[in-house]
Number of protein chains: 2
Amino acid sequence: MTQSREEDRRGRSAAAAIVDAAFRLFHEFGYDETSVDDIAAAAGVSRSSFFRLFGSKEMVIFPEHDAILAAVEERLAASTQKSAILAVSDAVRVVLFHYIAEGPHARRRYQLTSTVPALRERELISGARYQQLFRQYISAWGDGSEESERRAELMAAAVVASHNHVLRRWLREECEDPHLEIDEAMAQVNALFAPDPVAAPRAIVVVRTDQDLDAVAEQLRSL
Amino acid sequence: MTQSREEDRRGRSAAAAIVDAAFRLFHEFGYDETSVDDIAAAAGVSRSSFFRLFGSKEMVIFPEHDAILAAVEERLAASTQKSAILAVSDAVRVVLFHYIAEGPHARRRYQLTSTVPALRERELISGARYQQLFRQYISAWGDGSEESERRAELMAAAVVASHNHVLRRWLREECEDPHLEIDEAMAQVNALFAPDPVAAPRAIVVVRTDQDLDAVAEQLRSL
DNA sequence: CAATGGATGATACTCAGTTTCATGACGGAG
DNA sequence: CTCCGTCATGAAACTGAGTATCATCCATTG
């Protein structure tokens, strides 16, 4: 199962060497100007090994994406309708803190995704995958009505957008305490989309609004 | 400026012939199994002309995207802070009704984007471009505060998600009246994100919530 | 020592996309 | 009518990503 000490070490260092070489070359010469052959040569592996390990040139930048997605799904799958909002918030935190744990590497990646359209697009697709996953689970927790589906769609979008906002702030070093900010952001989303509790405690909430009464009524119906 | 009758006709029919041939071949043999050479040959043009007219294989599916994006931007640019929400709603309608006006062709495209990962990804990227555009304008209408930025991000995501929801329902023919549904969806978004009016009419809104009082307090502060 | 299996590397191939150059049709100017 | 500039088209060569195949090497196992 686990291979010999020697092979294991080499396997890991090969992947690490490729990532290091790729980021170095991308930084020095640019993404488009760096070919896979260049990376493989600089990392001391064959072109074949590059594609065997990473599948594509873009995936050198996001190698752990599938693992994070799986972790998110695991968290979501381990929850029920009752703990739905908590599950989503937790899952978002899983993603955010994964990036934060990467530290400077995440910022180097951001520097690339900010400047290389192809990588920015790849990142957007990753985000959409999270959103799709969230939507799917939130939708399953609902009652299947059109209303519920629409809410699931909006909530998934809001959750991902909030996450991206906090993550981007952290990547730009505009963010003092990402824990605090993600808590606030999730609280904001939860507040917006809090479901109708069947027998929950009630409160009188007074807010100012510029909506006319009909719009307010419709909004309330949609809660 | 306008070319001769002959060239004009041929130019337009070339693009149309390519699109027709592409959709036909994609449907018959699949997207990945159809090469650009196949399409060009079937359309009776050269490979060169294909790339000159469409730029990439994927763009045969979304040739009008740039034009729609420009139309959206035009609508957004023509508005001020006062008419912001209206502008966003209008811009979303521009997009939705463009697709609806395509009729069966939009549904053929949907059939492709639903089954071909590369095309689905391209579509996601297009959606993200709209979202980015909305975010940019909504953000500019705000006061530049962190709060305002976060709201812009969420609102753009919600607007695009709502649009996508209605569009997808229409594409699946689950939607009786897209005009009505987009109006409802935009009303829902507007209601969620209605800005804090400085001197707006006020109302007492009573909602049930499962939040404890501290969470409610924080939610209210974040409005 | 021999056999097996998994990881690696070399090579050739397909195809998307770019670049360059030739051609040919058209319209205007003499 | 002819010459000329322009623009659309086509032809061909090239780069580079990604795939498939096969040979090789090395560590474990019997």
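Every chain is numbered from 1, with letters handed out A, B, ... down the list of sequences. Remember, it's a predicted structure, so these values are computed and weren't measured experimentally.
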> How is A:Ser48 classified with respect to the nucleic acid when contacts are heavy atoms under 4.0 Å: base, sugar-phosphate, or nothing?
Replying inline: base
>> Is it the case that the ring center of A:His163 lies less than 6.0 angstrom away from the ring center of A:Phe134?
In response: no
>> One thing to verify: whether B:Arg107 and B:Glu102 come together as a salt bridge, which I'm taking to mean a side-chain N less than 4.0 angstrom from a carboxylate O.
In response: no
>> Tell me whether B:Glu146 is salt-bridged to A:Arg169, with the criterion being a basic N under 4.0 Å from an acidic carboxylate O.
In response: yes
>> Is it the case that D:dG16 (base atoms only) and A:Arg47 (side chain only) share a donor and an acceptor within less than 3.5 Å, ignoring hydrogens and angles?
In response: no
>> Can you say whether a donor on the side chain of A:Arg52 sits under 3.5 Å from an acceptor on the base of C:dG6, or the other way round?
In response: no
> Is a side-chain donor-acceptor pair under 3.5 Å present for A:Tyr110 with A:Arg172?
Replying inline: yes
Spacing between [X] atom [atom1] and [N] atom [atom2], to the nearest angstrom:
{"X": "A:Phe51", "N": "C:dA12", "atom1": "CZ", "atom2": "P", "answer": "17 Å"}
{"X": "B:Phe54", "N": "D:dT9", "atom1": "CZ", "atom2": "C1'", "answer": "15 Å"}
{"X": "B:Arg122", "N": "C:dA16", "atom1": "CZ", "atom2": "P", "answer": "15 Å"}
{"X": "A:Phe50", "N": "C:dA7", "atom1": "CZ", "atom2": "C1'", "answer": "18 Å"}
{"X": "B:Leu119", "N": "C:dA16", "atom1": "CG", "atom2": "C1'", "answer": "14 Å"}
{"X": "A:Glu33", "N": "D:dA17", "atom1": "CD", "atom2": "P", "answer": "11 Å"}
{"X": "B:Asp37", "N": "D:dA11", "atom1": "CG", "atom2": "P", "answer": "12 Å"}

> Within the structure, does a side-chain N or O atom of B:Ser35 lie under 4.0 Å from either OP1 or OP2 of C:dC15?
Replying inline: no
> Which pair of heavy atoms, one from A:Ser56 and one from A:Phe50, lies closest together, and at what distance?
Replying inline: O-CE2, 3.8 Å
> At their closest point, which heavy atom of B:Ala40 faces which heavy atom of B:Arg47, and how far apart are they?
Replying inline: CB-N, 3.8 Å
> Sub-3.5 Å donor-acceptor pair from the side chain of B:Arg109 to the main-chain atoms of B:Ile61, do we have one?
Replying inline: yes
> Is there a residue in residues 19-32 of chain A whose heavy atoms reach under 4.0 Å of DNA chain D, and which residues are they?
Replying inline: none
>> Can you work out whether B:Lys57 or A:Ser46 has the more 5'-proximal nearest nucleotide on DNA chain C?
In response: A:Ser46
